[in-house]
Amino acid sequence: MKNRKRPRPLRKLKEVIGRIGTLNLILILVGVFFVWFNWQMLCIFREQGMIPESYACAVIAATIGECGICGWIRTNKDRQRDHQWEQEEKQAERSAEKESEVKADE
């Protein structure tokens with residue numbers, strides 16, 4: 001009998017999430033939440049003729065705040081990556097200068 005690999009749905013889910021990225025996944029979930037929230041507010045409006053304004057404003061402010069935090073995290077990650085690349089380029093230039101000095105001395 002051949003050993004068959006069992007399907008591992010959690011492992012596949014982790015791989016998909018890894019490819020998408022955590023911040024992008026959060027933004028997707030926030031978008032889905034907004035669609036659901038708007039649908040619920042429309043249903044309440046149809047039944048009652050109005051929506052709870054303070055609740056709607058609080059939910060929108062919280063989700064916009066979450067998106068702002070995600071953007072801030074992304075910006076900091078990009079800055080850190082750019083800074084790291086600059087440091088690597090400077091080190092490469094220094095080592096190239098040292099090699100050229102050694103060759104010039106010989």
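Scope of the values below: all heavy atoms of this structure, side chains included, with no hydrogens, waters or symmetry mates. In this text, all values refer to a predicted model and were calculated from it rather than measured experimentally.
- The minimum heavy-atom distance between Ile20 and Ile28, with the atom names listed, is CG2-CD1, 4.3 Å.
- In this structure, Glu53 and Ile51 have side chains that are in contact, with non-hydrogen atoms separated by less than 4.5 Å.
- Both tests pass for Arg46 against the ring of Trp39: distance under 6.0 Å to the centre and angle within 45° of the axis.
- Separating the CH2 atom in Trp85 from the NZ atom in Lys90 is a distance of 16.0 Å, to the nearest 0.5 Å.
- Ile26 and Val32 fall into different hydrophobic clusters, defined by Ile, Leu, Val, Met, Phe, Trp and Tyr side-chain heavy atoms under 4.5 Å apart, directly or through other members.
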Donor-acceptor pairs are to be reported for all side-chain atoms of residues 57-76 against protein atoms at under 3.5 Å, with residues two or more places apart or in another chain.
residue : atom : partner : partner atom : Å
Thr63   : OG1  : Val59   : O            : 3.0
Thr63   : OG1  : Ile60   : O            : 3.0
Thr75   : OG1  : Gly71   : O            : 2.9

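- For Glu88, the CD atom is densely surrounded, since the number of other residues' heavy atoms within 6.0 Å is greater than 12.
- To the nearest 0.5 Å, the span separating CZ on Arg8 from NZ on Lys12 amounts to 11.5 Å.
- Evaluation of the ring pair (Phe, Tyr, Trp, His ring centres under 6.0 Å) test over residues 45-67, restricted to residues two or more places apart or in two chains, returns Phe37-Tyr55.
- One finds the CD atom of Glu93 at 11.0 Å from the CD atom of Gln91 (value rounded to the nearest 0.5 Å).
- Among residues two or more places apart in sequence or in another chain, the salt bridge (charged side-chain N to carboxylate O under 4.0 Å, His left out) test is passed with Arg81 by Asp78.
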